[in-house]
Amino acid sequence: MKLRFLGTGTSNGVPVIGCDCEVCRSADPRDKRMRSAVLVETDATRVLVDCGPDIRAQLLQVPFRKIDAVLLTHEHYDHTGGLDDLRPFSAFGDVDIYANAATVKVVRHNFPYCFVEKLYPGVPKLRLHDIEKHQPLQIGDIGVMPIGIQHDKLPILGYRFGEVAYITDMKTIDETEYGYLEGLDTLIVNALRWEKPHHSHLIIPEAVEFARRVGARQTFFTHLTHQIGLHERASLRLPEGMNFAYDGLTLEF
């Protein structure tokens, strides 16, 4: 199984429009971050997690083949705004979208033309599935366990694939969810910036503490702002076994 980081930025991306900081001016490709999404795949199956407004550019960087499922973490635009760009993948049949009930409702509202009886020619063919935390899924040869997390007061989903867990936009997690994170090899979790706590996201010290509690062999931080600093220098500040992910990074398991 492979996991490719299609994007590791927040809703603003990096560079941020109008910003002239050293990170936004950096020529290092690791400092250029599209909105967060990952692609999990085996030789037989491909699963996309989140589908933000950069998804067209992100999917142009990988071979074109069927997407067997799209897993949405929550309804916010930077995680769902690119669903219309899945049009080409309708050539393989309906694209199955899995999300919690609140996200399904928002997707229906934001893309109503995809769910009418008579579809306009060329619109993406999307098939929505309402799922809940702890409801195991089998997508081809990839097993998925949805995990409940909190984005401020909004209940959202993280996803575990075998020994890998992908969590983004987390602020808190219920004590009962730690059991679903036991035995991880790799944890991926959001880490917004170094300082100034955020009402709905972990900042780096909080993410480090969470990662230590989970105890995975390695941790990759995602959903990063330009405020983390230059990738090359900021990485040196992290504890051993913890890393900043970057767009295009591919992990193999």
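Note: hydrogens, waters and symmetry copies are ignored here, and every other heavy atom, side chains too, is used. Here, residue 1 is the first one in the sequence, and each next residue gets the next number.
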Residues that Y180 engages under ring pair (Phe, Tyr, Trp, His ring centres under 6.0 Å), provided they are two or more places apart: H134
For H79, all residues meeting ring pair (Phe, Tyr, Trp, His ring centres under 6.0 Å), sequence neighbours excluded: H74, H223
Qualifying side chain to side chain donor-acceptor pair (under 3.5 Å) pairs with a residue from residues 104-117, counting only residues at least two apart or across chains: D84-Y113
Salt bridge (Lys or Arg N to Asp or Glu O under 4.0 Å) partners of residues 43-55, not counting sequence neighbours, each pair once: R35-D54, E41-R46
Exam field: side chain T225 to backbone L192, donor-acceptor pair closer than 3.5 Å: yes
Residue L60 excluded, over 12 heavy atoms near CG under 6.0 Å: yes
Residue pairs involving residues 34-70 (criterion ring pair (Phe, Tyr, Trp, His ring centres under 6.0 Å); sequence neighbours excluded): F64-F89, F64-F92
Pairwise salt bridge (Lys or Arg N to Asp or Glu O under 4.0 Å) hits with a residue in residues 186-210, at least two apart: K171-E206
Donor-acceptor side-chain pairing of D31 and S26 below 3.5 angstrom: yes
Within-4.5 Å side-chain heavy-atom neighbours: L238 and F221: yes
Pairwise salt bridge (Lys or Arg N to Asp or Glu O under 4.0 Å) hits with a residue in residues 7-23, at least two apart: D20-R25, E22-R233
Sequence-distant partners of D94, salt bridge (charged side-chain N to carboxylate O under 4.0 Å, His left out), two or more places apart: R127
Side chain to side chain donor-acceptor pair (under 3.5 Å) contacts touching residues 235-253 (sequence neighbours left out): T8-D247
Connected-component partners of V14 among ILVMFWY, side-chain separation under 4.5 Å: V23, L230
Student check: side-chain heavy atoms of L48 and L6 closer than 4.5 Å: yes
For R30, salt bridge (charged side-chain N to carboxylate O under 4.0 Å, His left out) partners two or more places apart: D28
Set of residues satisfying salt bridge (charged side-chain N to carboxylate O under 4.0 Å, His left out) with respect to D185, sequence neighbours excluded: R217
Pairwise side-chain contact, P53 with Y77, heavy-atom cut-off 4.5 Å (strictly under): yes
